[in-house]
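Accompanying notes for the structure given below.
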Amino acid sequence: MVDGWRSDAFYEARRDELEKRVGPRRFKHSLGVSETAEKLARVYGADETAARVAGLLHDWDKGYDDPGILARADELGMELDAELAAMPRVLHGLTAAVALGRAFPELPPEVLAAVERHTLGDAGMSDLDMIVYIADALEPGRKGKVVEKLREKIGEIELRELFLEVYAYWVQLIMERRHPIYSKTTEIWDSYMPEQEVYRAEANPDPIPYGRP
Ligand SMILES: Nc1ncnc2c1ncn2[C@@H]1O[C@H](COP(=O)(O)OP(=O)(O)O)[C@@H](O)[C@H]1O
């Protein structure tokens, strides 16, 4: 029999608690993320149980309103810099990772990391981190043409490529909604880009290279 955080009993108990912590729409979304993450883990050869559990728990703290999540971070002893303190909507993954780690010490760090990184992403994300990030965007409750196109790519392209496509889609969406972008977003993006060769023009004998008027 499997016990601890990998057991069905653990999953079912957290699922029932989650149902009381968030609204019905968010609860359904979390079940969708859990299922999608498990499927992605199967396709990409990652730990299916870890993906299923991290997907279920990713929005553990999403039930708090803006002042509530700031109070929660404070209660947990988290020190937020001024930028994050001004972006309460992005904090629920960060607080959830700390809170879940304390409430359920048997949860492994890789599951907590995936919960922590599901909103803003990070440099050096693990396969599991990417899987939960992708599942959050592509679970069956998310609608739209772009989402459908991205869904079709599951298993067709590498996990990292799929993650980058989903990340780019989300950042674009945030811009379209005229929401502020977290300042480390470009740094995170660049960390996945191959090193660019710095363009250096050949020394040109003509000081006005594009011709004289
Ligand atoms: N790089 C970013 N910069 C600023 N806001 C972001 C960024 N990524 C996501 N967000 C915002 O954070 C909020 C929570 O996103 P997310 O955690 O992915 O969704 P959910 O918790 O609903 O599954 C959304 O309002 C989203 O637009």
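Start at 1 with the first residue, then count along the sequence. Order of appearance sets the numbers: ligands from 1, and atoms from 1 within every ligand.
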Atom 7 (C) of ligand 1: of V22, I174, T186, the nearest heavy atom sits on I174

Numbering as shown, the atoms of ligand 1 that approach I181 to under 4.0 Å (heavy-atom distance): 3 (N), 4 (C)

Looking at atom 24 (C) of ligand 1, would you say a protein heavy atom lies below 4.0 Å from it? no

Name the closest protein heavy atom to atom 11 (C) of ligand 1, giving the residue it belongs to and the distance to 0.1 Å. V90 CG1, 4.0 Å

I'd like to check which ligand 1 atoms, numbered from 1 as shown, lie under 4.0 Å from a non-hydrogen atom of M87. 4 (C)

Identified side chain to side chain contact (heavy atoms under 4.5 Å, CB included) counterpart of L164 within the set E158, M130, M193: M193

State yes or no: do Y182 and M78 share one hydrophobic cluster built from I, L, V, M, F, W and Y residues joined by side-chain heavy-atom distances below 4.5 Å, directly or via other members? yes

Can you sort out which atoms of ligand 1 are near H58, meaning under 4.0 Å from one of its heavy atoms? 23 (O)

Please report whether ligand 1 has a polar contact with D136, defined as an N or O pair separated by less than 3.5 Å (distance criterion only). yes

Within less than 4.0 angstrom of ligand 1, does R142 place any heavy atom? yes

N or O contact, Y167 vs ligand 1, cut-off under 3.5 Å: no

Check the orientation of Y192 and F163. Use parallel for under 30°, tilted for 30 to 60°, and perpendicular for over 60°. perpendicular

Close approach of H92 to ligand 1, heavy atoms, under 4.0 angstrom: yes

Please write down residue, atom name and distance for the protein heavy atom closest to atom 3 (N) of ligand 1. Y182 N, 2.9 Å

H58 and its side-chain hydrogen bond (donor to acceptor under 3.5 Å, both in side chains) partner, picked from H29, R117, E116: H29

For K149, give me all partners under side chain to side chain donor-acceptor pair (under 3.5 Å), at least two apart in sequence or on another chain. none

pair D47-L128: side-chain heavy atoms closer than 4.5 Å: no

With side-chain hydrogen bond (donor to acceptor under 3.5 Å, both in side chains) as the test, pick out the partner of E176 among H179, Q172, R178. Q172

Contact atoms of ligand 1, heavy-atom distance to R26 under 4.0 Å: 20 (P), 21 (O), 22 (O), 23 (O)

Distance to 0.1 Å, residue and atom name: give those for the protein heavy atom nearest to atom 1 (N) of ligand 1. T185 OG1, 3.0 Å

T119, D59, V171: member with heavy atom nearest to atom 17 (O) of ligand 1: T119

Are the side chains of V115 and V132 in contact, using a 4.5 Å heavy-atom criterion? no

Does ligand 1 have any atom sitting under 4.0 Å from a heavy atom of P180? yes

Donor-acceptor side-chain pairing of S126 and E110 below 3.5 angstrom: no

Short list, please: which atoms of ligand 1 are under 4.0 Å from a heavy atom of K62? 14 (C), 20 (P), 21 (O), 22 (O)

Between the CG atom in L138 and the CD atom in E165, the distance rounded to the nearest 0.5 Å is 10.0 Å

Counting from 1 in the order shown, the ligand 1 atoms closer than 4.0 Å to a non-hydrogen atom of R89 are 12 (O), 13 (C), 14 (C)

Side-chain heavy atoms nearer than 4.5 Å, only ILVMFWY residues, links allowed to pass through others: does that put W5 and V98 together? no

